[in-house]
Amino acid sequence: MRIGYYNQKVEKIFLDFGKMGRKIPAEWVRKIKQHLDRLAAAETFTDFLTLGLGKPERLEDHHGQVQFSIHVSPNVRLIIIPEIEDENYSECRDVQIRGVCDYHGDKTNWYIP
């Protein structure tokens, strides 16, 4: 699968794990790297979801855009946006990384926006 990024700021951080390690704990960086490797290795988004690694969960943001969260730690999630039409994940070959956040509770705390 091809991996894109939500904006340039997110791209800079996700392409430099040393820079990422200055923003978040090293154990989170390792887990994020594993998830990115698994996403890149999957042929389609369905293949990635079938693995169930990181407990992917479907989310809806306030604009109605489909997003998925993948566990990085008990409260921290990697947020990804599958680039699809009609929720056909078996044909999705592109995802966009939104960032890393703690979305539990009433507010969302973004570690990497």
Side-chain angles (χ1 to χ4, degrees):
M1 224 176 345
R2 290 180 296 270
I3 298 174
Y5 301 93
Y6 190 69
N7 58 35
Q8 282 187 335
K9 185 176 180 179
V10 172
E11 182 176 16
K12 283 182 183 179
I13 294 169
F14 273 83
L15 293 179
D16 184 349
F17 292 110
K19 186 180 284 189
M20 185 185 291
R22 290 189 291 274
K23 291 189 156 288
I24 60 175
E27 62 192 52
W28 295 1
V29 175
R30 282 190 295 278
K31 188 63 93 170
I32 289 168
K33 172 85 168 91
Q34 288 176 342
H35 290 317
L36 292 176
D37 289 345
R38 291 173 183 150
L39 280 166
E43 191 168 321
T44 66
F45 194 61
T46 298
D47 294 340
F48 177 77
L49 292 175
T50 302
L51 293 173
L53 301 170
K55 301 176 188 171
E57 299 175 86
R58 185 185 163 158
L59 307 172
E60 294 272 345
D61 77 1
H62 63 279
H63 297 294
Q65 184 178 41
V66 175
Q67 298 183 62
F68 279 80
S69 73
I70 302 170
H71 288 235
V72 173
S73 77
N75 291 334
V76 177
R77 306 291 186 267
L78 172 65
I79 307 299
I80 59 174
I81 303 167
E83 296 182 7
I84 58 168
E85 293 180 20
D86 303 327
E87 296 190 35
N88 188 356
Y89 302 119
S90 63
E91 294 183 12
C92 177
R93 297 186 190 285
D94 297 293
V95 294
Q96 190 178 86
I97 304 297
R98 174 83 201 292
V100 178
C101 74
D102 177 351
Y103 69 88
H104 289 83
D106 294 338
K107 64 178 185 174
T108 302
N109 180 22
W110 286 95
Y111 297 106
I112 301 174

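Across N7 and P113, no two heavy atoms sit closer than the pair OD1-O, 4.4 Å. Of all heavy-atom pairs between H35 and G54, the closest is CE1-CA, 3.6 Å. Annotation for Q96 and Y5: closest pair CG-C, 3.5 Å, computed over non-hydrogen atoms. In this structure, S90 and T46 approach most closely via the heavy-atom pair N-OG1, 2.8 Å. Across A40 and I3, no two heavy atoms sit closer than the pair N-CD1, 4.0 Å. Residue S69 comes nearest to I79 through the heavy atom pair CB-CD1, 3.7 Å, listed as atom of the first residue, atom of the second, then distance.
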>> Let's go through Y89 and F68 carefully: what are the C-alpha distance in whole Å and the side-chain angles of both, what is the deciding distance for ring-ring contact (aromatic ring centres under 6.0 Å, His included) to 0.1 Å, and is it a yes or a no?
In response: CA-CA 12 Å; Y89 302 119; F68 279 80; 5.5 Å; yes
>> Please determine whether side-chain contact (heavy atoms from CB on, under 4.5 Å) holds for the pair K31 and Q34, giving the CA-CA distance in whole Å, both sets of side-chain angles, and the decisive distance to 0.1 Å.
In response: CA-CA 5 Å; K31 188 63 93 170; Q34 288 176 342; 3.4 Å; yes
>> Please determine whether side-chain contact (heavy atoms from CB on, under 4.5 Å) holds for the pair I112 and F14, giving the CA-CA distance in whole Å, both sets of side-chain angles, and the decisive distance to 0.1 Å.
In response: CA-CA 9 Å; I112 301 174; F14 273 83; 3.9 Å; yes
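Counting only heavy atoms from C-beta outward, the side chains of E27 and S73 never approach each other to under 4.5 Å. Within the 4.5 Å cutoff, side-chain heavy atoms of L36 are placed close to those of I97. When side chains are defined from C-beta on, K23 does not count as touching M20, because their heavy atoms never get closer than 4.5 Å. Contact of the I32 side chain with the I24 side chain is registered, since non-hydrogen atoms from C-beta on lie closer than 4.5 Å.
Distance check: F45 CZ to I81 CD1 gives 10.5 Å after rounding to the nearest 0.5 Å. Atom CD1 in I70 sits 10.0 Å away from atom CD in E57 (nearest 0.5 Å).
A distance-only check finds a donor-acceptor pair linking the side chain of R93 to the backbone of E43 [under 3.5 Å].
Linking Ile, Leu, Val, Met, Phe, Trp and Tyr whenever their side-chain heavy atoms come within less than 4.5 Å puts F17 and Y111 in one cluster. By the rule that hydrophobic residues join a cluster once side-chain heavy atoms approach within less than 4.5 Å of another member, M1 and L53 end up as members of separate clusters. L51 and L39 end up in different hydrophobic clusters when Ile, Leu, Val, Met, Phe, Trp and Tyr side chains are linked at under 4.5 Å. Following chains of ILVMFWY side-chain contacts shorter than 4.5 Å, one can reach I80 starting from V66, so the two form part of one hydrophobic cluster.
Within a 6.0 Å sphere centred on CD of E91, other residues, nucleotides and ligands contribute 12 heavy atoms or fewer.
Checking R98, R58, R77 one by one against Q67, the side chain to side chain contact (heavy atoms under 4.5 Å, CB included) holds for a single residue, R98.
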